[in-house]
Amino acid sequence: MRTPAETVRLMTEHLGDMGVPAPLSGGVSPFNVLVGTVVSLRTRDAVTLEVTKRLLQRAPTPCELAGAPLCELEELLRPAGFFRVKARQLKETARLLCERHGGVVPRNRDELTALPGVGGKTAAFVMGMAFGIPAVCVDVHVHRISNRTGLLATRTPEQTEAGLMRIFPREEWTGLNHVFVCFGQRVCLPVRPRCTACPLKGECEWNP
DNA sequence: AAAACGGGGGC
DNA sequence: GCCCCAGTTTT
């Protein structure tokens, strides 16, 4: 039986072999991370990247984003899913950052989730990626892969979150989400997983 | 607990 | 053409 650490190492190495870059540690501002994460929900990563780039080019700071006309934000966000909702949420979030947080992205879960469009998963992801604060972000990929590979046999994302926090040291929490998501997009797909090319093959409960 | 938001890509 | 997607908010 493989240890959880070994399972994650196999996934990480396989991603490296496929040329998937490791999560960037510096060079991206917390504001950039926050905007990008909100844009990303239910939207492909290529579209997310392009839309986020244009958005931040138009409005590099929270105050500039808060001052941009809603119709212009909708136009920039059009290729992304839920673009009207996100335009409204991002404009309001930017206004709150500008007027109530001094233009700075807050560092704790409660203040982050108080922003429109920011739920528990987005907050956890931003804390980890923007500030290096240990937090696990259990999205649909993490939950699915954990169950398929036999890492954890949990029924809800909340149980998966608790389980991951128990079996992995705090300093590894932040990196987990990125590994699971990249692996979930390329190998352990929701539908028709590519088991023949999977490094976990042989000790996976889904495809032993 | 379930529905609504929603355009884009894979098959 | 049909189905799925790094979720959050509202009913």
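Chain letters run A, B, ... following the sequence lines, proteins first, then strands; residues in each count from 1. Nothing here was measured: the structure is a model prediction, and the numbers come from that model.
Both Val28(A) and Phe131(A) are part of a single hydrophobic cluster, where members link through side-chain heavy atoms under 4.5 Å apart. By the criterion of side-chain heavy atoms lying less than 4.5 angstrom apart, applied directly or through intervening Ile, Leu, Val, Met, Phe, Trp or Tyr residues, Val179(A) is grouped together with Ile167(A) in one hydrophobic cluster. Under a hydrophobic clustering in which Ile, Leu, Val, Met, Phe, Trp and Tyr are joined whenever their side-chain heavy atoms come within less than 4.5 Å, directly or via other members, Met129(A) and Leu49(A) fall into different clusters.
Applying side chain to side chain contact (heavy atoms under 4.5 Å, CB included) to Leu97(A) and the options Val104(A), Leu65(A), Leu115(A) leaves one that passes, Leu115(A). When each of Leu90(A), Val38(A), Leu96(A) is checked for a side chain to side chain contact (heavy atoms under 4.5 Å, CB included) with Pro116(A), only Leu96(A) meets the rule.
The outermost nucleotides of DNA chain B lying under 4.0 Å from heavy atoms of chain A, listed 5' to 3', are dC5(B) to dC11(B).
Taking atom P in both dA6(C) and dG10(B), one finds a spacing of 13 Å when rounded to whole Å. dT11(C) and dG6(B) are spaced 14 Å apart, taking the P atom of each and rounding to whole Å.
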Show me the side-chain donor-acceptor pairs of residues 51-58 of chain A shorter than 3.5 Å, one per line, residues at least two apart or across chains.
unit_1	atom_1	unit_2	atom_2	d
Thr52(A)	OG1	Thr48(A)	O	2.6
Arg54(A)	NH1	Glu50(A)	OE2	3.1
Arg58(A)	NE	Glu72(A)	OE2	2.3
Arg58(A)	NH2	Glu72(A)	OE1	3.4

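Applying the salt bridge (charged side-chain N to carboxylate O under 4.0 Å, His left out) test to every pair with at least one member in residues 75-96 of chain A, sequence neighbours left out, gives these pairs: Glu75(A)-Arg78(A), Glu92(A)-Arg95(A), Arg95(A)-Glu99(A).
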Notebook entry, point to check: Which nucleotides of nucleotides 4-11 of chain C have their base under 4.0 Å from a protein heavy atom (B), which only their sugar-phosphate (S), and which neither (-), written as one string 5' to 3'?
Noted result: BBBBSS--
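Using a 3.5 Å distance cut-off with no hydrogens or angles, the side chains of Glu64(A) and Thr61(A) do pair a donor with an acceptor.
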Notebook entry, point to check: If you write DNA chain B from 5' to 3' in dot-bracket form, with Watson-Crick or G-U pairs under 3.5 Å, [ ] for crossing pairs and | for pairs with another strand, what do you get?
Noted result: |||||.|||||
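Arg186(A) comes within 4.0 angstrom of nothing in the nucleic acid, heavy atoms only.
Membership of the apolar cluster around Leu41(A) extends to Phe82(A), Val85(A), as traced through chained side-chain contacts below 4.5 Å between ILVMFWY residues.
Cys195(A) does not pair with Cys204(A) as a disulfide, the SG atoms being 2.5 Å or more apart.
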